[in-house]
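Reminder, nothing fancy here: chain letters follow the sequence lines and each chain counts from 1. For clarity, every value in this text was computed on a predicted model and none was experimentally measured.
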Amino acid sequence: MFDQFVVPDLLPAAPEIFLVVMASAILLIDLFVKDSRRTATFALSVLTLLGCAVIQTMTWTPDITYTFSNMFVDDQMADLLKLFLYLTVIMVLFYSRAYVIDRGEMNKGEYYVLALFATLGMMVMISANSFVTVYIGIELLSLSLYAMVALNRASLSASEAAMKYFILGALASGLLLYGMSMIYGGTGSLELTAIDEVLRNDGANGKLLVFGLVFLIAGLAFKLGVVPFHMWIPDVYHGAPTSVTLLIGSAPKLAAFAVVMRLLVNGLLPLAVEWQNMLIIMAVLSMAIGNLAAIAQSNIKRMLAYSAISHMGFMLLGIVSGVVGDASGQFDAAHHALAAYGSAMFYVIAYVLMSLGTFGMILLMARSGFEADTLDDFKGLNQRSPWFAAVMMMLMFSMAGIPFFIGFFAKLSVLMAVIDAGHTWLAIVAVLFSLIGAFYYLRVVKLMYFDAPEDATPIGGSADMRLLLSVNGVAVAALGLFPQVIMALCAFSLLNSLN
Amino acid sequence: MSNYLLSLAIWLPIAAGVLVLLTGSDRNAPLARMLALVGAIAGFLVTLPLWAGFDTAEAGMQFVEFRNWIPYFNVHYHLGVDGISMLFVILNAFITVIVVAAGWEVITQRVAQYNAAFLIMSGLMNGIFAALDGVLFYVFFEASLIPMYLIIGAWGGPNRVYAAFKFFLYTLFGSLLFLLALIYLYVHSGSFSILDWHDTAIPLDAQIWIFLAFLIAFAVKVPMWPVHTWLPDAHVEAPTGGSIVLAAIALKLGAYGFLRFSLPIAPDASHQLAGLIIALSLIAVVYIGFVALVQADMKKLVAYSSIAHMGFVTLGFFMFSALGIEGALVQMISHGFVSGAMFFCIGVMYDRLHSRQIADYGGVVNTMPKFAALFMLFSMANAGLPATSGFVGEFMVILGAVQYNFWIAFAAATSLILGAAYSLWMYKRVIFGAVANPHVAELTDINKREFLILGLLALCTLWLGLYPQAFTEVMHASVGNLIDHVNISKIQ
């Protein structure tokens with residue numbers, strides 16, 4: 001038995017290995033950090049993520065590499081998504097720095113270590129090529145996030161949110177596992193590429209597979225936060241400390257997108273007709289409920305939670321346009337796939353950038369003992385700080401899909417894929433719900449520009465945060481002027497990753 | 001150099017707007033005003049070579065710029081003007097100067113942002129008229145909503161929030177379906193170039209859908225009955241400058257869209273549905289004319305009269321004759337001058353008395369004689385008096401209509417009566433008679449700045465009224481080319 005043991009190729013997983021070593025080290029080092037601001041822990045965490053990015057680029061190859069008995073894959077989609085992931089988490093750490101320092105009980109070494117472990121979980125999700133790896137990645141991410149939500153022990157709403165998140169998350173993990181076991185039963189493999197092969201070669205047990213698929217999709221939908229598995233999103237976004245909401249609302253979307261790609265596109269593409277139909281229903285419902293419910297919110301975190309639901313619904317439209325049937329019942333995957341999945345990836349990256357900026361704005365306006373999480377806190381921001389009002393305005397118009405901002409081009413690329421796939425009615429539904437969505441984004445602009453401030457406290461924030469947030473806002477506009485940059489990256493990375 | 005004229009016309013005002021924003025708080029208001037005026041005048045000057053260097057014999061696009069923008073989507077930075085769009089670029093740049101001057105002493109709060117919003121909007125609207133790529137057009141078309149939304153909402157009247165939302169969402173609704181039509185055309189033809197679409201064969205049922213999607217977008221923007229209801233609200237609540245830009249330029253965008261998109265891209269559908277558009281136009285001319293007659297608020301009255309005048313424009317387009325289309329274009333330019341001037345006149349009175357109700361005025365001529373004289377000219381032009389610009393366009397459209405169908409011409413011609421009725425009746429009630437109340441008695445006549453603005457607009461109105469040839473000769477070739485496109489079936 002042992003003579004078959006092969007030392008796996010560790011290079012494709014080098015960033016993960018580096019991260020796990022560093023995260024463990026930081027946990028120990030933090031014991032000796034006397035500084036109550038935890039500057040050393042913070043700096044080390046940021047450096048670790050930068051190190052991951054460096055390793056990621058140094059070990060870059062144009063090929064698809066499998067390792068750990070094909071359980072782990074490193075392709076260009078993974079490289080690109082991970083690079084964006086590091087960037088996102090670094091920004092999260094910078095944005096939340098002042099917030100956690102002001103709330104002493106949160107500013108512990110664990111905050112940073114948990115964020116790093118969550119990042120590790122997302123990296124594993126992105127590179128998963130087996131049900132087991134997918135599951136490990138999701139659990140590592142989720143458990144870290146549960147703990148982070150509850151980190152502020154004194155806060156009742158945070159504890160409640162953590163409890164809800166945990167219970168519903170555990171349920172979703174159960175559904176996911178159940179679905180995986182069904183598909184394993186139907187195909188005899190846990191490895192996604194092998195499942196794909198089995199499905200292509202013989203039809204396998206159709207009913208069993210679709211049965212399993214339903215559970216798999218339900219579990220995924222929970223992680224993505226799309227209707228009807230969205231119930232946790234508003235409560236968790238609202239209840240969690242804003243710095244944690246920022247993390248939950250940004251980076252995991254990248255990982256969730258990757259998992260959808262791995263499971264459904266890499267693994268179950270032959271079942272595309274089935275899962276596309278399921279996702280279409282969820283996409284339409286998400287856009288409907290997300291946009292309508294967001295209008296009724298007075299808390300901006302809750303509003304953004306519903307907006308996140310609608311954005312994920314919109315992103316799914318790209319995913320469902322990849323495989324198109326023709327009149328003869330043949331399915332054409334090659335022609336549409338690149339445009340469709342590329343548009344969804346572009347959409348996710350654009351969304352994460354916007355989401356980072358918006359939650360960053362809430363964090364900027366929060367101060368010790370004040371959360372700035374109701375819509376009314378944004379009243380008259382233009383008088384208090386014209387520049388940050390402008391940043392927030394750009395973010396809001398971008399989220400609403402108004403040009404010249406990146407959000408418009410993300411929507412455009414998805415709509416192009418949808419219409420190219422012949423789902424014109426779906427595109428009409430999508431734009432009509434975007435119209436409804438525009439209302440609540442406009443309302444934020446209205447509060448900032450048309451109303452008088454109720455609170456004249458100057459906008460604080462450290463210099464690095466102000467700078468980073470400004471860069472974030474300008475990026476939303478600049479990438480809207482030159483959307484080619486990200487679009488081409490997405491298309492290029494997928495071109496070499498789709499098989 | 002001449003290859004960058006259109007880019008300059010777009011980006012110079014925007015850059016000036018950003019520069020004005022940098023002046024920051026109201027302590028620097030004089031500097032902000034000065035910079036804005038310089039920016040607006042520079043923006044106007046760079047558009048003049050477009051006219052001077054325009055080749056009137058050329059039917060196609062001139063001053064073309066073509067660059068890759070988003071190769072992945074096959075989207076290009078493709079600019080160009082022809083006889084249809086060139087005049088609007090200049091009109092827009094001119095109106096921007098007027099608007100900056102119009103807000104000079106009136107706007108005292110957030111001066112830099114106010115002027116920057118107008119400059120940026122001016123650049124974006126030049127982009128709409130110059131864009132020859134579907135996505136580029138759309139991007140400018142929708143982006144121009146943002147500054148207008150802020151202008152109405154931040155510097156508007158008591159009900160400004162409602163008006164701003166209504167304006168934004170109404171227009172967005174129209175343009176989203178327009179976007180889907182653009183994407184459909186791209187999927188169908190493989191190109192986003194508007195000029196390519198002019199020559200793309202499209203089956204009739206698809207043409208009808210495309211035409212309807214275009215119609216919703218442009219009908220809201222024009223606005224046509226029955227999707228006009230945002231306009232009176234927006235006009236009433238907007239500050240004077242906002243009303244001027246809305247009436248003089250923003251309404252033209254929808255009409256321009258018909259000429260650039262609907263007619264040449266879906267010509268068969270245009271012929272099929274011409275009856276519908278003509279009916280809607282006549283409703284706008286006649287019914288909205290009556291609505292204007294009963295308004296008690298001067299701004300609302302002019303807003304409704306704008307809808308009626310734009311009804312003339314769409315009527316002219318859908319008779320598919322050179323006379324009709326050129327008449328409509330002249331009417332658009334004339335309306336730019338006249339309605340802009342009318343809104344400015346109302347603004348002049350509002351600044352002094354803080355009321356727009358006709359009933360609050362009376363006998364203004366006694367205290368503001370210079371103003372009364374100029375206001376008279378614009379009211380006459382609004383009514384379509386010969387020798388003013390208002391007459392030329394209406395006359396050409398009616399002539400075109402007579403060739404097309406006598407009864408349509410007859411219905412359209414009632415606008416001459418209605419227009420005279422609502423314009424002159426308002427003028428009479430506001431200006432003539434005895435001094436109505438002590439407030440009117442305290443009015444001061446227009447100052448040099450106001451006189452200069454009104455004088456400039458009056459000169460333009462008379463110029464277009466007395467020598468329309470200068471404007472129409474620019475249009476001939478391009479309108480002829482357009483009519484050729486409309487009259488060739490694209491069904492294969």
- request: Taking the six-membered ring for Trp and the full ring for Phe, Tyr or His, determine whether the centres of A:F450 and B:Y149 are under 6.0 Å apart.
  value: yes
- line: Of all heavy-atom pairs linking A:P403 and B:A143, the shortest is O-CB, 3.5 Å
- prompt: Given the options B:F173, B:W155, B:F168, B:Y184, which has more heavy-atom pairs under 4.5 Å with chain A than any of the others?
  reply: B:F168
query: To the nearest 0.5 Å, what is the distance between CE (A:M416) and CG (B:L182)?
result: 10.5 Å
- line: Shortest non-hydrogen pair, B:L150 vs A:M393, comes out as CD1-SD, 3.6 Å
query: Has B:W209 got more than 12 heavy atoms of other residues, nucleotides or ligands less than 6.0 Å from its CH2?
result: no
- prompt: Non-hydrogen atoms of chain B under 4.5 Å away: do they reach the side chain of A:F397, the backbone, both or neither?
  reply: side chain
query: Top residue by heavy-atom pair count (under 4.5 Å) with chain B, among A:Q383, A:R443, A:K411, A:K446?
result: A:K446
- prompt: Passes side chain to side chain contact (heavy atoms under 4.5 Å, CB included), B:I146 versus A:F405? Steps please.
  reply: CA-CA 12 Å; B:I146 299 175; A:F405 305 108; 3.8 Å; yes
message: Counting heavy-atom pairs closer than 4.5 Å to chain B, which one of A:I436, A:L481, A:L432 comes out on top?
response: A:L481
message: Return the CZ to OH distance between A:F409 and B:Y72, rounded to the nearest 0.5 Å.
response: 15.0 Å
query: In terms of heavy-atom pairs under 4.5 Å with chain B, which of A:A488, A:G342, A:P483, A:G401 leads?
result: A:P483
query: Is chain B contacted by the side chain of A:F408, its backbone, both, or neither, given a heavy-atom distance below 4.5 Å?
result: side chain
query: CG/B:L176 to CZ/A:F433 distance, rounded to the nearest 0.5 angstrom?
result: 13.0 Å
- line: Given A:V445, A:L442, A:I419, the one with more heavy-atom pairs under 4.5 angstrom with chain B than any other is A:L442
- line: For B:L169 and A:L435, the nearest pair of non-hydrogen atoms, with its separation, is O-CD1, 3.5 Å
- prompt: Where does B:V75 contact chain A at under 4.5 Å (heavy atoms): side chain, backbone, both or neither?
  reply: neither
message: To check you understand the geometry: which heavy-atom pair defines the closest contact between A:Y449 and B:A154, and what is its length?
response: O-CB, 4.1 Å
message: If you count heavy atoms of other groups shown closer than 6.0 angstrom to CZ of B:R67, is the number above 12?
response: yes
message: Heavy-atom cut-off 4.5 Å, strictly under: side chain, backbone, both or neither for B:L145 against chain A?
response: neither
message: Is it the case that the side chains of A:Q484 and B:N68 hold a donor-acceptor pair, with the cut-off being a distance below 3.5 Å and no angle test?
response: no
message: Please evaluate residues A:I402 and B:L172 with respect to the criterion side chain to side chain contact (heavy atoms under 4.5 Å, CB included), reporting the C-alpha separation (whole Å), side-chain torsions for both, the decisive distance (0.1 Å), and the verdict.
response: CA-CA 9 Å; A:I402 308 289; B:L172 185 63; 3.8 Å; yes
message: For A:F439, which atoms come within 4.5 Å of any heavy atom of chain B: side chain, backbone, both, or neither?
response: both
field: Distance in Å, B:R110 CZ paired with A:N382 CG, rounded so as to fall on 0.5 Å steps
entry: 5.5 Å
task: Kindly determine whether A:D420 and B:Y186 satisfy side chain to side chain contact (heavy atoms under 4.5 Å, CB included), including the steps that lead there.
output: CA-CA 9 Å; A:D420 195 27; B:Y186 171 72; over 6 Å; no
message: What verdict does the side chain to side chain contact (heavy atoms under 4.5 Å, CB included) test give for B:L21 and A:W387, after you've listed the backbone C-alpha separation in whole Å, the side-chain angles of each residue and the deciding distance to 0.1 Å?
response: CA-CA 10 Å; B:L21 272 184; A:W387 168 244; over 6 Å; no
message: Which one wins on heavy-atom pair count under 4.5 Å against chain B: A:A390, A:S413, A:S434, A:A430?
response: A:S413
- prompt: Between A:V485, A:D451, A:L412, which shows the greatest number of heavy-atom pairs under 4.5 Å with chain B?
  reply: A:L412
- request: Counting only heavy atoms closer than 4.5 Å, note whether B:L179 contacts chain A via side chain, backbone, both or neither.
  value: side chain
- request: Of all the heavy-atom pairs spanning B:W69 and A:G480, show the shortest one and how long it is.
  value: CZ2-O, 4.2 Å
